[in-house]
Amino acid sequence: MSVKNYSLGQVGDYEIKQLKVFKTVVDCGGFSAAETSLNIGRSTISLHISNLEARLNLVLCKRGRGGFSLTEEGVIIYRMTENLLDSLDTFRTTVNNLNASLTGKLRLALSDKVSLDPRSHFPELIERFSMEAPEVLITTNVASMSNIERMILNDEADIGFIPYHRKLDGLSYVHLYSDDCYLFCGKNHPLATMSAKDQDAQVDKYPATHAGLKPHEAVSEQISRMNLTAISYFYDSRLALILSGRYIGFLPELYAAPYVESGKIVAVAPENRSYTLGVAVICKKTTQPNKPRDLFLKVLHQTSEEMTTPY
């Protein structure tokens with residue numbers, strides 16, 4: 001198609017609907033794959049794309065025996081569609097948050113075990129927030145630190161609770177508490193009956209499990225020479241590997257305490273094998289208002305002050 005002397009003119013709801021269909025087709029990798037996501041038939045999808053191409057006076061994609069692919073113009077329109085739809089979502093969110101009624105969603109993403117750690121005061125935060133904003137729908141999700149960071153930055157979550165060892169420019173941090181993490185082995189592991197001196201001398205030859213993330217300096221110093229043969233980010237799975245008697249690994253002291261007291265696991269060279277890991281609440285740095293998020297942060301600060309104020 002020629003673009004000579006062509007002017008698009010006004011873009012309305014119908015074009016936006018077609019662009020959403022186009023984006024879904026691209027994201028799914030073709031017409032057939034998009035049928036389920038769009039809940040419409042392939043022929044209807046094809047009609048939407050054809051009408052969009054006619055409206056834009058551009059060929060956006062190739063379809064046929066060779067499969068689905070975008071033209072050069074299609075790649076550009078896809079990227080512009082992403083920007084347009086993101087802008088519309090931002091506009092919608094801003095308008096909704098300017099509304100006098102506190103409604104909508106609060107999307108929380110939490111790392112392993114943080115929600116039930118008494119130092120996070122998470123149940124108290126939920127109680128206070130829900131009393132002030134009973135109409136807000138609260139959703140929670142459990143994920144790894146890196147995934148939570150990504151979710152916050154991509155506006156897939158509003159608030160994150162994470163163990164952290166770095167600060168990203170696009171995020172704000174509220175420190176909650178710190179964990180002292182020690183190296184542990186199962187009760188039947190060869191290290192369990194050794195002296196602390198012998199443990200420290202021999203620890204690096206035994207298989208170890210670790211979080212699988214790029215470690216910060218304190219962690220790197222501890223694990224750089226260890227025999228890292230298993231990855232287990234979440235504490236429960238890491239503990240299970242340690243309990244097997246085959247692996248050693250680091251755990252927060254408070255999390256490990258019940259298993260130490262019952263004799264199921266043993267600290268390994270605790271004087272030399274430990275590091276400190278901070279836990280924080282994070283949110284995206286933005287000037288866009290978000291009443292549920294802002295209220296939750298307000299409640300968080302109030303609760304933290306009350307819980308740490310001596311009486």
Side-chain angles (χ1 to χ4, degrees), residues 89-181 213 216 218 234-235 252-255 257 275-311:
D89 285 340
T90 299
F91 177 80
R92 187 182 301 109
T93 299
T94 300
V95 171
N96 288 340
N97 282 310
L98 291 174
N99 191 287
S101 177
L102 187 55
T103 58
K105 292 182 180 180
L106 177 69
R107 301 164 300 172
L108 304 175
L110 302 101
S111 191
D112 190 25
K113 302 300 179 187
V114 173
S115 61
L116 291 180
D117 191 303
R119 296 169 295 175
S120 73
H121 308 301
F122 187 72
E124 292 87 350
L125 292 173
I126 295 300
E127 177 187 16
R128 295 184 177 194
F129 177 86
S130 61
M131 289 181 66
E132 292 196 40
E135 296 184 19
V136 172
L137 173 65
I138 298 175
T139 64
T140 61
N141 190 15
V142 176
S144 65
M145 181 192 78
S146 57
N147 277 335
I148 293 174
E149 290 172 333
R150 177 190 58 77
M151 291 167 68
I152 298 293
L153 289 171
N154 291 341
D155 295 318
E156 297 170 13
D158 303 306
I159 298 286
F161 287 70
I162 63 168
Y164 70 102
H165 56 75
R166 61 184 179 183
K167 289 192 175 182
L168 302 181
D169 289 339
L171 298 176
S172 295
Y173 294 77
V174 178
H175 180 79
L176 291 179
Y177 57 88
S178 295
D179 268 321
D180 292 323
C181 298
L213 300 173
H216 64 85
F234 292 109
Y235 292 142
E253 181 180 23
L254 289 182
Y255 173 77
Y275 60 85
T276 299
L277 186 64
V279 177
V281 166
I282 63 172
C283 65
K284 186 176 181 179
K285 291 180 180 177
T286 177
T287 58
Q288 297 295 330
N290 183 319
K291 286 189 176 182
R293 179 198 63 208
D294 296 342
L295 174 60
F296 188 87
L297 291 174
K298 177 183 176 183
V299 170
L300 169 68
H301 286 293
Q302 290 175 340
T303 303
S304 297
E305 290 176 2
E306 291 177 12
M307 296 296 181
T308 57
T309 300
Y311 291 95

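Not measured: the values here are computed from a predicted model. Residue numbers start at 1 and run along the sequence shown.
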Problem set entry | Short N-O contact, Lys105 and Asp158, less than 4.0 angstrom |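 Judged by the 4.0 Å cut-off on N to carboxylate O distance, Lys105 and Asp158 do not form a salt bridge.
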Verify, without hydrogens or angle tests, whether [X] (side chain) and [Y] (backbone) share a donor-acceptor contact under 3.5 angstrom.
X      : Y      : value
Arg107 : Asn141 : no
Ser130 : Glu127 : yes
Ser120 : Val114 : yes
Asp180 : Glu253 : no
Asp179 : Cys181 : no

For this session: Looking only at non-hydrogen atoms, find the nearest pair between Ile148 and Gly160 and report the distance.
Result: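 Scanning both residues completely, I find the closest heavy atoms to be CG2-CA, 3.8 Å.
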Exercise. Side chains of Glu149 and Arg166: does their closest heavy-atom pair fall under 4.5 Å?
Worked result: yes
Exercise. Does Tyr173 have Lys167 sitting over its ring (NZ/CZ under 6.0 Å from centre, angle to axis within 45°)?
Worked result: yes
Problem set entry | salt bridge (Lys or Arg N to Asp or Glu O under 4.0 Å) partners for Asp294, two or more places apart | none
Exercise. Phe161 vs Phe296 aromatic rings, parallel, tilted or perpendicular, using cut-offs 30° and 60°?
Worked result: perpendicular
For this session: Give a yes or no on whether Lys298 atom NZ has more than 12 heavy-atom contacts from other residues, nucleotides or ligands under 6.0 Å away.
Result: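 Atom NZ in Lys298 is not packed in, count stays at 12 or less.
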